[in-house]
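So that the names make sense, note that chain A is the first sequence line, chain B the second, and so on, each numbered from 1. Just so it is clear, the model here is predicted, and its values are computed rather than measured.
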Amino acid sequence: MTILYFAWVRQKVGTGEEHITLPLQVTTVADLVEFLRLRGGGFAEAFGDPARLRAALNQEHASFDAIVGDNDEIAFFPPVTGG
Amino acid sequence: MTILYFAWVRQKVGTGEEHITLPLQVTTVADLVEFLRLRGGGFAEAFGDPARLRAALNQEHASFDAIVGDNDEIAFFPPVTGG
Amino acid sequence: MNIIRVQTGDFDISAECDALVHGRPDIGAIVTFTGCVRGDESLIALTLEHYPGMTEREIAKHIAEAEAHWPILGATIIHRIGRLVPGERIVLVAVGSAHREAAFRAVEFLMDYLKTQAPFWKREQRGSEANWVEARESDANAALRWRQS
Amino acid sequence: MNIIRVQTGDFDISAECDALVHGRPDIGAIVTFTGCVRGDESLIALTLEHYPGMTEREIAKHIAEAEAHWPILGATIIHRIGRLVPGERIVLVAVGSAHREAAFRAVEFLMDYLKTQAPFWKREQRGSEANWVEARESDANAALRWRQS
């Protein structure tokens, strides 16, 4: 799957985009957050407090219990501040 | 006093402005309306139905029971339609 | 600073917004309302007249009222008079404020009051007929709501 | 017709309003909102980033929602990205409609949703520090009110 990171999430993890094959135990956005957090380092920092994060699945806002698959594009970012 | 007429009031009475000395019996806007109506012709038409008219006294919207004097500027017009 | 103009010529929205924010780095929001002559099958033109002197007083009074209600940082009102054909701009209300809420409220308030209090009158030319436009009850109701809050 | 653009360059409000009403004689009201970078003692610049693709989808979705709620006849939304200094324009929302009510409501609705749903992020540069702007609760509350009506 494609994972995109924006704003301070991107800064903490050190990349804007990566492509991974989902581990078997990851079925929801929340699972993916936990999987990424366990990488440690900047990922642990970025994903340590999921309440501060928002996610989009295939370019639509998504809740953390949404189901993810290998063909999806997921993005993680802080609450938006445009306008 | 100065009397101004706008929009269809002006068209009916045939002038945009006149200067008169108030007759003794005219003390309110309503009295002036009645005085002008009694002139007949276009004035009777313009002032025959006071509910269709609005007045301004010294360039402020005024009710028909406002007191008028010889030094005042009064204007008669239909409800406004700008903007 | 506030600007009030009654004029026969057109106006430029961008230029008026630029003038409004000039030297005002505290303005973060600008809301504008532009009214245009709507065309239909038979409308040839509108002709607008007004009450010089009273118009400017009324508008200034309502800008002062808006300033008393909301933290606005500048207002521009331009109203055209004379003959206007479909598609032409009639009126501009532009307000600047720090945050958007104040500018939105003030522009709506000023428009409702322009429609019901400012001494302008429109005549419509359709074919060979010219008729004075009747005041709309919906405009009177729109203006009334500001008295309730 | 609706226009959605995300761009680094500035925009011209008049030109966008002209494009909005072009060939639409049924438009009698145009409401615009322009957001600018507010200056204060220490702000040097804002830098905006966004999520290309999702941004345009989100904006198009909210324009469609506005069209479903109010009789609007055209909408233009332009949002700038990149580095912007105090006084610069950030965002334009312009809506045309026959009567003013629809355009006012739609522009406010679209602004509330841009602030809370469109994937843009602002970073403030103050002195040698650069910090991500925190989302404001007042914006979230402003967006919520549309769900109640």
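Nearest approach of A:A55 to A:F64, heavy atoms of both residues: CB-CE1, 4.0 Å. Among all heavy-atom pairs drawn from D:V95 and D:A106, the shortest one is CG1-CB, 4.0 Å. Here the closest heavy-atom approach between residue A:L36 and residue A:I3 is recorded as CD2-CD1, 4.3 Å.
With chain A as the partner, the residue from D:M111, D:R57, D:H50, D:R136 showing the most heavy-atom pairs under 4.5 Å is D:R57. Annotation: maximal heavy-atom pairing with chain D below 4.5 Å, among A:E73, A:H61, A:R54, occurs at A:H61. Note: A:G82 leads A:P79, A:G82, A:P78 in heavy-atom pairs under 4.5 Å with chain D. Of the listed residues (D:D139, D:N131, D:L48, D:V133), the one with the most heavy-atom contacts under 4.5 Å to chain A is D:V133. Taking chain A as the reference chain and counting heavy-atom pairs below 4.5 Å, the highest number among D:E134, D:E58, D:E49 is found for D:E49.
Here D:E65 does not pair with D:K61 in a salt bridge; the nearest charged N to carboxylate O distance is not below 4.0 Å.
Taking the six-membered ring where the residue is Trp, the centroids of A:F47 and A:F76 are separated by under 6.0 Å. Aromatic pair A:W8/A:F77: ring centres not closer than 6.0 Å.
D:E67 and D:N2 share a side-chain donor-acceptor pair at under 3.5 Å.
Of the two parts of A:R10, only the side chain, counted from C-beta on, holds a non-hydrogen atom closer than 4.5 Å to a non-hydrogen atom of chain D. For chain D, the nearby part of A:Q11 is the side chain; its heavy atoms alone come within less than 4.5 Å.
Taking 4.5 Å as the heavy-atom cut-off, the residues of residues 73-89 of chain D that approach chain A are D:H79, ordered by number.
Checking A:E18, A:H19, A:E17 one by one against A:T2, the side-chain hydrogen bond (donor to acceptor under 3.5 Å, both in side chains) holds for a single residue, A:H19.
Aromatic ring orientation, A:F6 versus D:W121: parallel (interplanar angle below 30°, classes split at 30° and 60°).
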